[in-house]
K.L.:
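Handing you a structure now.
Heavy-atom basis, side chains included; hydrogens, waters and symmetry copies ignored. This one's a predicted model, so the numbers in the text were calculated from it and none came from an experiment.
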Amino acid sequence: MAAAQDEFRKRGKKHFMGGQHHAKRWRGSRELEVGMQGILITCNMNQRKCTAEAFNLLSEYADQLYGPEKLEEDAGACSEEEGVEDALKKEVAQLRACDAKQERRFQALESGANNVIFIRTRNLESDKLVHHILSDLHATKKKKTRVILRMLPVTGTCRAFPDDMLKYLSTFLEPWFKKPNCATYQIAFKARNNSHNKRDDVIKAIAGLVGKLNPKNKVDLTHPDLTIILEVIKSVCCVSVVREYTRYRKYNLQEVLKDDEPKKEDSGTGTEKAAEAPAGEEEAAKKEEDGTGTEKADEAPAGEEEAAKEEECDTVAEPAAGGSEDEKKHPGEEDTQEESAMEDDDIKRGGDGE
């Protein structure tokens, strides 16, 4: 009984899951491939909303640079005079060219990594378009996106293997770094879902290649003239050379809007410090006045009082001493007066006796 139930469960599982498994189809034409050009866009979790924002933003600025998009209209119906064979030939030609007619200026493809969207571009230069978007957002400070983080142009793609990358970059980098052209540069490398390339090895190999193109090319990690961007996703390497990469915060749309905030904070802290400095000086001056000034004020009267007391003591003592001397001298004078008076009495008495 138990064996029959197990067989039934196994049969039921294959029956219900088999149909769904075979219903999946491979969508190779909707994925990032070698030979494409476009824009890599990174987001945070919400890919559908990111795709919608990207289409709106790119269409807005593409209309400014290249004008509105023109779609080719299908040919009209055949006239009655034309034969059936001619009508069939036209229909076949229209079906063959249907794909080319329906291709739009921007087309969203699967990049092969989470939170990364690749938008394929046609009949426009992706690096100029992205630079124009960043420069306008940097100047106006208008927030036009919520989900998009970074927007990186892709002007060339190749297979993501070291030999293929060096072979492709040897010709791709010539317009910027080959003699007589030279510039300061840095290399920004990022690999997703790929373990064939190590970051340090790739950077050293590309730096050596740029040095061979022109020895005057120098590395500058703070303010380079050009930045070589390498984005490896699975087996495809996306390459581009951009300007003002550090000025626009590594092409991060959210950080570009915050470019002036640190300056405002610095100015605020500077004013606060400038405001606090006089207060501190005033407090220090008050403390000095309260401390040293009062001490001096207290010490000075005390010294004067002691000096005055000493002078008073000296002046009082001197007259007292002088008074005692006078007192000693006055009794002597009285004795001489008494003696003179007694002599006068004796003389008088003698005269009377005579």
K.L.:
Got a donor-acceptor contact below 3.5 angstrom from the T157 side chain to the C238 backbone?
P.N.:
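Between the backbone of C238 and the side chain of T157 there is no qualifying donor-acceptor contact (under 3.5 Å).
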
K.L.:
Does I228 reach the side chain of W176, with side-chain heavy atoms less than 4.5 Å apart?
P.N.:
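Answer no - side chains too far apart.
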
K.L.:
Do L109 and E31 come within less than 4.5 Å of each other through their side chains, counting heavy atoms only?
P.N.:
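Result no, sub-4.5 Å side-chain heavy-atom pair not found.
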
K.L.:
Is there a side-chain contact (heavy atoms from CB on, under 4.5 Å) between F106 and E69? Walk through the geometry before answering.
P.N.:
CA-CA 10 Å; F106 303 107; E69 184 178 6; 5.8 Å; no

K.L.:
Out of curiosity, D163 CG to C158 SG, how far, rounded to the nearest 0.5 Å?
P.N.:
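So the CG of D163 and the SG of C158 are separated by 11.5 Å.
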
K.L.:
With clusters defined by side-chain heavy atoms of hydrophobic residues (ILVMFWY) lying less than 4.5 Å apart, directly or transitively, does L226 cluster with I229?
P.N.:
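Each belongs to a different hydrophobic cluster.
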
K.L.:
Mark yes or no for whether T227, through its side chain, and Q186, through its backbone, hold a donor-acceptor pair below 3.5 Å.
P.N.:
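Such a contact is absent between T227 side chain and Q186 backbone.
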
K.L.:
At their closest point, which heavy atom of A62 faces which heavy atom of R105, and how far apart are they?
P.N.:
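Looking at all heavy atoms of both residues, the closest pair is CB-NH1, 3.4 Å.
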
K.L.:
Work out which heavy atom in T140 is nearest to a heavy atom in D136; give both atom names and the distance.
P.N.:
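Nearest pair, atom of T140 first, then D136: OG1-O, 2.7 Å.
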
K.L.:
Start with the C-alpha gap between L124 and L65, add the side-chain angles, then the distance that decides, and say whether side-chain contact (heavy atoms from CB on, under 4.5 Å) holds.
P.N.:
CA-CA 9 Å; L124 57 85; L65 289 178; over 6 Å; no

K.L.:
Scan residues 194-208 for pairs that pass salt bridge (Lys or Arg N to Asp or Glu O under 4.0 Å), counting only residues two or more places apart or in two chains.
P.N.:
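Output for this query is empty, none listed.
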
K.L.:
Kindly compute the distance separating CD (E231) from CG (N194), expressed to the nearest 0.5 Å.
P.N.:
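Between E231 CD and N194 CG, I get 12.0 Å after rounding to 0.5 Å.
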
K.L.:
Indicate if V242 and L57 have the same hydrophobic cluster label, given that clusters are the connected sets of ILVMFWY residues with side-chain heavy-atom separations under 4.5 angstrom.
P.N.:
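Yes, same cluster.
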
K.L.:
Which pair of heavy atoms, one from L230 and one from C237, lies closest together, and at what distance?
P.N.:
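Scanning both residues, the minimum pair turns out to be CD2-SG, 4.2 Å.
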
K.L.:
Taking N197 for the side chain and A160 for the main chain, is one N or O donor matched with an acceptor at less than 3.5 Å?
P.N.:
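Checking the backbone N and O of A160 against the side chain of N197, a donor-acceptor pair under 3.5 Å is found.
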
K.L.:
Hey, any chance I117 and M45 share a hydrophobic cluster, counting ILVMFWY side chains that come within less than 4.5 Å of each other, even indirectly?
P.N.:
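No, because I117 and M45 fall into different hydrophobic clusters, even though each may have its own neighbours under 4.5 Å.
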
K.L.:
Considering non-hydrogen atoms only, spot the tightest contact between Y168 and V239 and give its length.
P.N.:
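Shortest heavy-atom contact: CE2-CG2, 4.4 Å.
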
K.L.:
Let me confirm one number: the NZ-OG distance from K178 to S170, rounded to the nearest 0.5 Å.
P.N.:
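The OG atom of S170 is 9.5 Å from NZ of K178, to the nearest 0.5 Å.
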
K.L.:
Got a donor-acceptor contact below 3.5 angstrom from the N214 side chain to the N181 backbone?
P.N.:
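Pair found, side chain donor or acceptor close to backbone of N181.
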
K.L.:
Are any of the side-chain heavy atoms of M36 and V236 separated by less than 4.5 Å?
P.N.:
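A side-chain contact under 4.5 Å is absent here.
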
K.L.:
Please tell me if the side chains of H196 and V232 come closer than 4.5 Å, counting only heavy atoms from C-beta onward.
P.N.:
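Sidechains of V232 and H196: no contact.
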
K.L.:
Under 4.5 Å between side-chain heavy atoms, hopping through other hydrophobics if needed: is there a path connecting Y251 to L137?
P.N.:
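Result: yes, single cluster for both.
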
K.L.:
Report yes or no: does N193 contribute a side-chain atom to a donor-acceptor pair with the main-chain N or O of K234 at less than 3.5 Å?
P.N.:
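Side chain of N193 to backbone of K234, a donor-acceptor pair under 3.5 Å: no, none is there.
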
K.L.:
Is a side-chain donor or acceptor of D164 paired with a backbone partner of R159 at a separation under 3.5 angstrom?
P.N.:
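Checked: no pair found.
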
K.L.:
Verify side-chain contact (heavy atoms from CB on, under 4.5 Å) between I233 and F118, making sure each step is shown before the conclusion.
P.N.:
CA-CA 11 Å; I233 303 176; F118 180 78; over 6 Å; no

K.L.:
I'd like to know if the side chain of S240 reaches the main chain of P153, judged simply by a donor and an acceptor atom lying under 3.5 Å from each other, with no hydrogens or angles considered.
P.N.:
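Here the side-chain-to-backbone pair exists.
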
K.L.:
Go through the steps to decide whether V210 and L169 satisfy the test side-chain contact (heavy atoms from CB on, under 4.5 Å), and finish with yes or no.
P.N.:
CA-CA 9 Å; V210 175; L169 291 173; over 6 Å; no

K.L.:
Measure the spacing between CZ of R249 and CD of Q254 and express it to the nearest 0.5 Å.
P.N.:
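So the gap between those two atoms works out to 12.5 Å.
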
K.L.:
With a 4.5 Å limit on heavy-atom distance, are the side chains of M165 and F172 in contact?
P.N.:
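Side chain of M165 against side chain of F172, heavy atoms only: no contact under 4.5 Å found.
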
K.L.:
Please examine the side chains of V130 and I39, heavy atoms only from C-beta on, and report whether any two atoms are closer than 4.5 Å.
P.N.:
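Result yes, sub-4.5 Å side-chain heavy-atom pair found.
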
K.L.:
Let me confirm one number: the CZ-NZ distance from R243 to K128, rounded to the nearest 0.5 Å.
P.N.:
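With rounding to 0.5 Å, CZ (R243) is 11.0 Å from NZ (K128).
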
K.L.:
About how many Å separate CZ of R247 and NE2 of H138, when rounded to the nearest 0.5 Å?
P.N.:
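If we round to the nearest 0.5 Å, H138:NE2 and R247:CZ are 4.5 Å apart.
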
K.L.:
Testing the basics here: between I148 and I41, what is the closest heavy-atom pair and its distance to 0.1 Å?
P.N.:
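What the structure gives for the nearest pair is CG2-CG2, 3.7 Å.
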
K.L.:
When you group the ILVMFWY residues by side-chain heavy-atom contacts below 4.5 Å and let the links chain together, are V202 and F161 in the same group?
P.N.:
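No, F161 and V202 fall in different hydrophobic clusters.
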
K.L.:
Is any side-chain heavy atom of V154 closer than 4.5 Å to a side-chain heavy atom of L32?
P.N.:
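No, every pair of side-chain atoms sits at 4.5 Å or beyond.
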
K.L.:
Under the salt bridge (charged side-chain N to carboxylate O under 4.0 Å, His left out) rule, what do K144 and E53 come out as? Steps first, then yes or no, please.
P.N.:
CA-CA 8 Å; K144 297 184 178 181; E53 288 184 355; over 6 Å; no

K.L.:
Quick check against the 3.5 Å criterion: does N252 have a side-chain atom that pairs as donor or acceptor with the backbone of R150?
P.N.:
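Answer holds: no.
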
K.L.:
Quick one: are K179 and K216 in side-chain contact, heavy atoms under 4.5 Å?
P.N.:
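K179 does not reach K216 side chain to side chain.
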
K.L.:
Looking only at non-hydrogen atoms, find the nearest pair between A207 and I187 and report the distance.
P.N.:
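Nearest pair, atom of A207 first, then I187: N-CD1, 3.9 Å.
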
